[in-house]
Amino acid sequence: MSEVLEQLAQVLEERKRGDPDSSYVAKLYSKGLDAILKKIGEEATETVMAAKDGAPDKIVYEIADLWFHSLVLLAHEGLGPDDVLQELRRRFGLSGLEEKASRAPQ
């Protein structure tokens, strides 16, 4: 499963050097962080709407868009899917309540 994420991360890195006139991702990068965050917000909203509609195919489609744009953000910030997967591995076996409490300010 993470193989696809790694391949996509590699493509996203390559697009950083791409021509904004010929690459959607290169154009997003050239517009900067605010444009990327706006797309993530749009995709998150569309995901919620798809879930409210109860259409599984729309949910999958919108979550794919959300994940994609989240990966664009990670790459923009010099991060990748492995960083997120490591954090998920760290949390595995912890209750959500324990994990949240561990982040609370002391």
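The distance from atom CG of Leu66 to atom CD1 of Ile59, rounded to the nearest 0.5 Å, is 13.0 Å. Atoms CD1 and CD, from Ile63 and Glu43 in turn, are 11.5 Å apart once rounded to the nearest 0.5 Å. Once rounded to the nearest 0.5 Å, the distance linking CE of Met49 with CD of Glu46 reads 6.5 Å. Once rounded to the nearest 0.5 Å, the distance linking CG of Asp83 with CG of Leu88 reads 11.0 Å. Note: Leu8 CG to Arg15 CZ = 9.5 Å, rounded to the nearest 0.5 Å. In this structure, Asp65 CG and Ile40 CD1 are separated by 11.5 Å, a value rounded to the nearest 0.5 Å.
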Stepwise side chain to side chain contact (heavy atoms under 4.5 Å, CB included) test for Leu74 and Leu71: CA-CA 5 Å; Leu74 287 171; Leu71 289 169; 4.0 Å; yes
Residue pair Trp67, Thr47: steps toward the side chain to side chain contact (heavy atoms under 4.5 Å, CB included) verdict: CA-CA 11 Å; Trp67 284 15; Thr47 298; over 6 Å; no
Glu87 and Arg91: CA distance, side-chain angles, deciding distance, salt bridge (charged side-chain N to carboxylate O under 4.0 Å, His left out) verdict: CA-CA 6 Å; Glu87 175 60 15; Arg91 295 180 186 187; 2.9 Å; yes
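Side chain of Asp19 to backbone of Asp21: a donor-acceptor contact under 3.5 angstrom is found.
Linking Ile, Leu, Val, Met, Phe, Trp and Tyr whenever their side-chain heavy atoms come within less than 4.5 Å leaves Leu85 and Phe92 in two separate clusters. Under the 4.5 Å side-chain heavy-atom criterion for grouping Ile, Leu, Val, Met, Phe, Trp and Tyr, Val84 is not connected to Val11 through any hydrophobic cluster.
Between Lys58 and Glu62, no side-chain nitrogen of the basic residue sits less than 4.0 Å from a carboxylate oxygen of the acidic one, so the salt-bridge criterion is not met.
Here the side chains of Arg90 and Gln86 are not in contact, with every heavy-atom distance at 4.5 Å or above.
In terms of the ring-ring contact (aromatic ring centres under 6.0 Å, His included) criterion, Tyr61 has no residue partners (sequence neighbours excluded).
Pairs of residues two or more places apart, or lying in two chains, that qualify as side chain to side chain donor-acceptor pair (under 3.5 Å) and include a residue from residues 22-35 are Tyr24-His69.
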N/O donor-acceptor pairs under 3.5 Å from side chains in residues 75-82, not counting sequence neighbours:
none

